[in-house]
Amino acid sequence: MAFTQGIPTINSLAADLATNTDIVLNDITGFTFNLGAGKKLKWELRGVFTTGATGGFRFAANSTTAPTTYNAEWQAVDETTPATFQDAQIAQADFTNASAVATNYNLIARGEITANTATVFSLQFAQNNSTANNITLRAGMTLELWQF
């Protein structure tokens, strides 16, 4: 059986990245990539993020054009309660929760996408609802990619 050799890439946030009162998804700095037509990308995101007492969280793995195939699994674990929020997707959609706990969350997400046409793939984040509290991605969050 033949195997396809992937091209691995690992990116990491060098500093905290925050947004305040913004429910519109923002690209995570350094976690945006060009993907050629017919190319497949497998990705895994790991790290810690913090929310205020209100605001919740919103994450997405988006392509600028409709992909041929897409799947993703998301899991965020609240370190205070503790509570686990998770979602599995077979179409591009936001992973959201209106959590009202000011705490750290451990985030693990992974998925794959096959581009129908040339596209830009990006991991994005925002608050789930607009408040005066930040959602902050902590330095050291990593994104591992394999392009085929």
Side-chain angles (χ1 to χ4, degrees), residues 6-79 83-148:
I7 302 168
T9 303
I10 300 174
N11 286 24
S12 180
L13 284 181
D16 288 356
L17 182 62
T19 187
N20 185 351
T21 68
D22 194 351
I23 60 172
V24 177
L25 289 165
N26 300 283
D27 290 345
I28 299 174
T29 304
F31 291 6
T32 300
F33 301 90
N34 294 322
L35 189 59
K39 296 295 184 182
K40 178 186 256 184
L41 186 72
K42 293 183 72 113
W43 58 272
E44 184 168 316
L45 178 67
R46 290 181 174 268
V48 173
F49 70 94
T50 302
T51 59
T54 57
F57 59 83
R58 176 183 308 267
F59 289 94
N62 283 327
S63 170
T64 55
T65 61
T68 302
T69 62
Y70 176 94
N71 69 66
E73 299 172 41
W74 299 88
Q75 182 181 60
V77 179
D78 164 348
E79 294 180 352
T84 300
F85 309 98
Q86 52 194 17
D87 190 19
Q89 304 168 342
I90 57 170
Q92 291 185 150
D94 296 352
F95 170 56
T96 66
N97 191 279
S99 176
V101 178
T103 190
N104 288 321
Y105 293 81
N106 186 26
L107 176 67
I108 300 172
R110 64 177 169 238
E112 65 181 59
I113 183 172
T114 304
N116 183 32
T117 59
T119 190
V120 176
F121 172 81
S122 60
L123 276 290
Q124 302 173 318
F125 80 114
Q127 290 181 317
N128 192 47
N129 52 52
S130 185
T131 71
N133 296 309
N134 283 345
I135 177 174
T136 304
L137 308 183
R138 295 297 177 194
M141 181 173 275
T142 59
L143 176 64
E144 296 182 32
L145 299 168
W146 299 267
Q147 187 172 332
F148 300 90

A.B. asks: Quick one: which of L45, N62, T32 gives a side chain to side chain contact (heavy atoms under 4.5 Å, CB included) with L123?
C.D. replies: L45
A.B. asks: List the residues meeting side-chain hydrogen bond (donor to acceptor under 3.5 Å, both in side chains) with T68, not counting sequence neighbours, and say none if there are none.
C.D. replies: none
A.B. asks: With side chains defined as the heavy atoms from C-beta onward, is the minimum distance between F85 and F95 less than 4.5 Å?
C.D. replies: yes
A.B. asks: Look at the aromatic rings of Y105 and F49 and report parallel, tilted or perpendicular, splitting at 30° and 60°.
C.D. replies: parallel
A.B. asks: Is T51 reaching over with its side chain to a backbone N or O of V101, donor-acceptor style, under 3.5 angstrom?
C.D. replies: yes
A.B. asks: Is it the case that the side chains of T64 and T119 hold a donor-acceptor pair, with the cut-off being a distance below 3.5 Å and no angle test?
C.D. replies: yes
A.B. asks: Say whether, by atom type as modelled, one donor and one acceptor occur between the side chain of S63 and the main chain of T65 under 3.5 angstrom.
C.D. replies: yes
A.B. asks: Can you list every pair that meets salt bridge (charged side-chain N to carboxylate O under 4.0 Å, His left out) and has a residue in residues 96-115, with sequence neighbours left out?
C.D. replies: K40-E112, K42-E112, E73-R110
A.B. asks: Donor-acceptor pair, distance only, cut-off 3.5 Å: does the side chain of D16 make one with the backbone of A139?
C.D. replies: yes
A.B. asks: State, yes or no, whether a side-chain contact exists between I135 and R58 at a heavy-atom distance under 4.5 Å.
C.D. replies: no
A.B. asks: With rounding to the nearest 0.5 angstrom, report the OG1 to CG distance, T96 to D87.
C.D. replies: 8.0 Å
A.B. asks: State the NZ-OG1 distance between K39 and T114, to the nearest 0.5 angstrom.
C.D. replies: 11.0 Å
A.B. asks: Under the criterion side chain to side chain contact (heavy atoms under 4.5 Å, CB included), I'd like the reasoning laid out for M141 against F31: C-alpha separation, chi angles, the key distance, then a yes or no.
C.D. replies: CA-CA 10 Å; M141 181 173 275; F31 291 6; 4.2 Å; yes
A.B. asks: Does the Q92 side chain pair with the main chain of Y70, one donor and one acceptor, at a distance under 3.5 Å?
C.D. replies: no
